[in-house]
Amino acid sequence: MEWTTLAGTGLGAAVGVGSTLLADRVRWRRETSERTRRERRDAYVVCLTKYRLAYEDMHRAATVHRDGPPTERDVAVREAFRASGCDEVREAVLICAPEEMAALVEDVYASLRELLEVFAAGDPPLDTAEFQEHRLRHAKAVWAARAAMRAELARG
């Protein structure tokens, strides 16, 4: 057997193994990227959903205890927030999200905490324009986060 045949066979084997390794690496990157995107999407959905449910539960507690003693309303609203799981899901998103997204999630959380204080104090009353300003500030923070989440997931 001539050395050129042996060299050609070796070179062919090296090219074959190399191309297989390269294809596997590309597939692995694509699968990892897709898995990360799905995990972030799921975390974002859970986060925004928990924030929405917290808002609704706090609103309900404030409404139910509107005419009761202020301490009763305060306890009910704070318990509704605590039971919502917002803190846990917030931490999960802050760990897995890019920094610019984390800042937006923090804005939503801060506006929700602001609403917590409004609901707990009963001031301003829920049927006033002043309360609607607080609610609108929270809604704008949610919309900004949602738009950024969509853009980030589309890039991903």
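Residues Arg66 and Leu126 share a closest heavy-atom pair of NH2-CD1, 4.0 Å. The two residues Ala97 and Ala102 come nearest to each other via the heavy atoms CB-N, 4.4 Å. Smallest separation of non-hydrogen atoms from Arg73 and Ala121: NH2-O, 2.8 Å.
Within the 4.5 Å cutoff, the side chain of Val77 has no heavy atoms near those of the His65 side chain. Looking only at side-chain heavy atoms (C-beta outward), Val93 and Cys47 come within less than 4.5 Å of each other. The closest side-chain heavy-atom distance from Arg40 to Pro98 is below 4.5 Å. Annotation: side chain of Phe131 is not in contact with side chain of Asp123 (no heavy-atom distance under 4.5 Å). The shortest distance between side-chain heavy atoms of Leu104 and Asp107 falls below 4.5 Å. Proximity of Asp57 to Phe81: side-chain heavy atoms (C-beta onward) are nowhere separated by under 4.5 Å. Put simply, the side chain of Arg135 does not reach to within 4.5 Å of the side chain of Val118, judged on heavy atoms.
Salt-bridge formation is detected for the pair Glu117/Arg78: a Lys NZ or Arg NE/NH1/NH2 atom is positioned less than 4.0 Å from an Asp or Glu carboxylate oxygen. Salt bridge status for Glu133 with Arg137: absent, with no side-chain N to carboxylate O gap under 4.0 Å. Ion pairing of Glu106 with Arg90 is present here, as a side-chain N (NZ or NE/NH1/NH2) and a carboxylate O approach within less than 4.0 Å. Salt bridge Arg155/Glu152: absent, no basic N to carboxylate O contact under 4.0 Å. A salt bridge links Glu56 with Arg52: the distance from a Lys NZ or Arg NE/NH1/NH2 to an Asp or Glu carboxylate oxygen falls below 4.0 Å.
Taking the six-membered ring for Trp and the full ring otherwise, Tyr55 and Phe119 have centroids separated by under 6.0 Å.
The closest side-chain donor-acceptor pair between Glu114 and His134 falls under 3.5 angstrom.
Not one N or O on the side chain of Ser33 forms a donor-acceptor pair closer than 3.5 Å with the backbone of Arg30.
Residue Glu99 places its CD atom among 12 or fewer non-hydrogen atoms of other residues, nucleotides or ligands, all under 6.0 Å distant.
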